[in-house]
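Notes for the one structure printed next.
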2 protein chains.
Amino acid sequence: MVFVLLTESPVDGEGSWAMSAAEETTGEDTPWGEVTPEAARRLLVAAVDAFAERGYHATTTRDIAGRSGMSPAALYIHFKTKEELLHRISKIGHERALHVLDTEADRDGTAAERLAGAVRSFVRWHAERHTTARVVQYELDALGEEHRTEIVALRRRSDAVVRRIINEGVRDGEFDVPDVAGTTLAVLSLCIDVARWFNAQGSRTPDEVGELYADLVLRMVGARTASGRKQ
Amino acid sequence: MVFVLLTESPVDGEGSWAMSAAEETTGEDTPWGEVTPEAARRLLVAAVDAFAERGYHATTTRDIAGRSGMSPAALYIHFKTKEELLHRISKIGHERALHVLDTEADRDGTAAERLAGAVRSFVRWHAERHTTARVVQYELDALGEEHRTEIVALRRRSDAVVRRIINEGVRDGEFDVPDVAGTTLAVLSLCIDVARWFNAQGSRTPDEVGELYADLVLRMVGARTASGRKQ
DNA sequence: CCCGAACCTGAGCAAGCGCTTAGGGGCTGT
DNA sequence: ACAGCCCCTAAGCGCTTGCTCAGGTTCGGG
């Protein structure tokens with residue numbers, strides 16, 4: 001599903017910005033390493049690319065198989081249905097995103113430091129792995145009833161992590177937040193939407209976006225900034 | 001395309017939250033009034049509902065026709081293709097959203113007042129008309145090359161409006177914004193994403209979300225708040 | 001009373017969809 | 001050498017898709 005929006009870099013030919021899910025490997029401990037055998041992983045990586053480019057419903061099993069250099073039938077040896085493929089992608093993706101958030105939330109430090117760290121890492125993840133993130137964040141509705149319920153549970157945990165940090169900041173007098181639930185929602189919404197607009201060919205690196213967003217979120221909660229300014 | 005995310009209200013049976021595009025009429029001067037004849041409007045309204053619920057690619061022309069109480073063939077009397085239907089929806093939707101933004105940006109007042117007004121109205125629009133907004137904001141990629149280019153141009157104008165206000169605020173010393181382009185991007189991203197998570201059955205009204213977001217955005221740009229707090 | 005225009009339908013076409021099935025190569029261990 | 005297993009393909013089934021087309025209904029004007 002190709003999202004080219006706002007002003008982040010000019011709109012050039014469709015798909016020209018695309019980074020393949022395989023390329024995204026850089027800087028991470030083998031991104032789909034848990035998927036075996038190797039043929040299944042190749043299919044899954046191809047599916048991530050295809051789903052991200054065209055969307056789940058517009059992607060055909062023949063396309064996925066073709067990208068993996070296999071016949072359409074090969075897909076059904078490793079996955080029961082096309083929907084199961086999406087489910088595995090979505091589940092692994094959510095678990096990884098949640099892990100990123102959890103890791104930062106569990107560090108030592110002030111609430112502001114932890115919130116900034118969580119946003120920075122979470123946003124960087126969504127930017128670096130925007131191909132995966134796009135599928136994970138925007139194809140939820142294509143899942144079947146049970147699978148969707150399972151994934152939504154994972155999402156609630158992300159929400160809980162962010163809310164906890166903000167609550168602690170308020171309790172310790174670091175933050176000024178009239179509406180914790182609403183602000184939590186807005187913070188996560190902001191981070192997640194990075195997957196939609198981020199463009200690998202754009203002018204910003206994932207690190208820069210993470211830094212910018214960490215600063216913006218600290219302002220949203222009325223925290224002291226790194227440079228010492230107040231409220 | 002059903003997005004049920006984060007913690008805004010529990011996830012109940014799918015589609016139960018849906019407000020039809022027809023119902024959304026309330027409080028606006030006939031929302032699809034420019035679409036004639038009446039049969040074409042009925043088809044278009046049905047298409048908005050269907051696209052918002054299932055997504056463009058997962059919606060069949062038979063479904064759209066069925067919702068309008070017509071045969072599939074009737075659709076092709078009023079629209080050349082299914083894609084043309086999406087294009088008309090997308091164009092009208094973008095024009096209305098942009099109009100909302102423009103109206104607030106052109107008012108008198110400080111940059112902070114205008115930015116708050118613009119965000120409040122833009123967010124309220126995305127919440128109240130989230131069915132339409134979801135199609136408008138998240139089905140861009142389903143458009144053909146030329147149609148997409150046309151719509152992207154409209155989007156750039158939204159960006160320019162927000163950027164102008166922020167620039168003026170910085171110039172007048174009202175705002176403290178290190179990265180105007182990035183902050184503009186973030187503000188619009190935040191507003192647009194409301195269409196994804198907003199749930200009519202949720203606990204927040206469009207007005208409340210608009211108010212919350214206007215406050216959050218003023219904090220993001222380091223403005224004085226309505227209550228007189230600083231930076 | 002009929003005309004032409006506007007609008008709509010029933011039936012269906014060609015293409016493409018997700019998925020299945022029968023069968024065949026190439027490993028492994030014995 | 002060969003059985004047993006895993007992995008894969010060619011072919012294609014049954015169905016749905018976007019879309020078409022010949023024909024029918026309704027209606028205002030002459």
Evaluation steps, side-chain hydrogen bond (donor to acceptor under 3.5 Å, both in side chains), between B:Glu84 and B:His147: CA-CA 9 Å; B:Glu84 189 195 303; B:His147 285 161; over 6 Å; no
Side chain of A:Ala74 - closest among C:dC8, D:dA10, D:dC8: D:dC8
Nearest-Å distance for atom pair CE/C1', residues A:Met70 and C:dC19: 17 Å
Base-paired stems that DNA chain D participates in, counting runs of 3 or more Watson-Crick or G-U pairs under 3.5 Å: C:1-26 with D:5-30
Interatomic distance, B:Leu86 atom CG to B:His57 atom NE2 [nearest 0.5 angstrom]: 9.0 Å
Point-to-point distance, once rounded to the nearest 0.5 Å, from NE2 of B:His130 to CD of B:Glu128: 11.0 Å
Selection from D:dC7, C:dG18, D:dC19 that lies nearest to any side-chain heavy atom of A:Pro37: D:dC7
Nearest-angstrom distance from the residue atom CG of A:Leu75 to P of D:dC7: 15 Å
Closest-nucleotide ordering on DNA chain D, the 5'-leading residue of A:Arg62 and A:Ser71: A:Ser71
Residue from A:Arg156, A:Arg155, A:Arg163 passing side-chain hydrogen bond (donor to acceptor under 3.5 Å, both in side chains) with A:Asp159: A:Arg163
Length of the CD1-C1' vector between B:Ile64 and D:dC19, whole Å: 13 Å
Stepwise salt bridge (Lys or Arg N to Asp or Glu O under 4.0 Å) test for B:Asp63 and B:Arg54: CA-CA 11 Å; B:Asp63 181 21; B:Arg54 313 197 200 304; 3.2 Å; yes
Contact under 4.0 Å: A:His78 side-chain N or O vs D:dC8 OP1/OP2: yes
Euclidean distance, atom CG of residue B:Leu86 to atom C1' of D:dG18 [Å, nearest integer]: 15 Å
Of the listed nucleotides D:dC19, D:dC8, C:dC17, the one nearest the side chain of B:Pro72: D:dC19
Rounded distance in Å - CZ (A:Phe79) to P (C:dT20): 15 Å
Atom-pair distance (NE2 on B:His57; P on D:dG18), nearest Å: 11 Å
Between D:dG18 (C1') and B:Glu84 (CD): distance, integer Å: 14 Å
Heavy-atom side-chain contact between B:Arg134 and B:His126 under 4.5 Å: no
Protein-nucleotide distance (A:Leu85, atom CG; C:dG18, atom P), rounded to Å: 11 Å
Touch class at under 4.0 angstrom, heavy-atom based, for A:Thr59 against every strand present: sugar-phosphate
NZ or CZ of A:Lys82 within 45° of A:Tyr56 ring axis and under 6.0 Å: yes
Short side-chain N/O contact to D:dC19 OP1/OP2 from B:Tyr76, under 4.0 Å: yes
From C:dC8, C:dC19, D:dC8, nucleotide with atom closest to A:Thr81 side chain: C:dC19
A:Lys82, nearest nucleotide to its side chain (from D:dT9, D:dC19, C:dC19): C:dC19
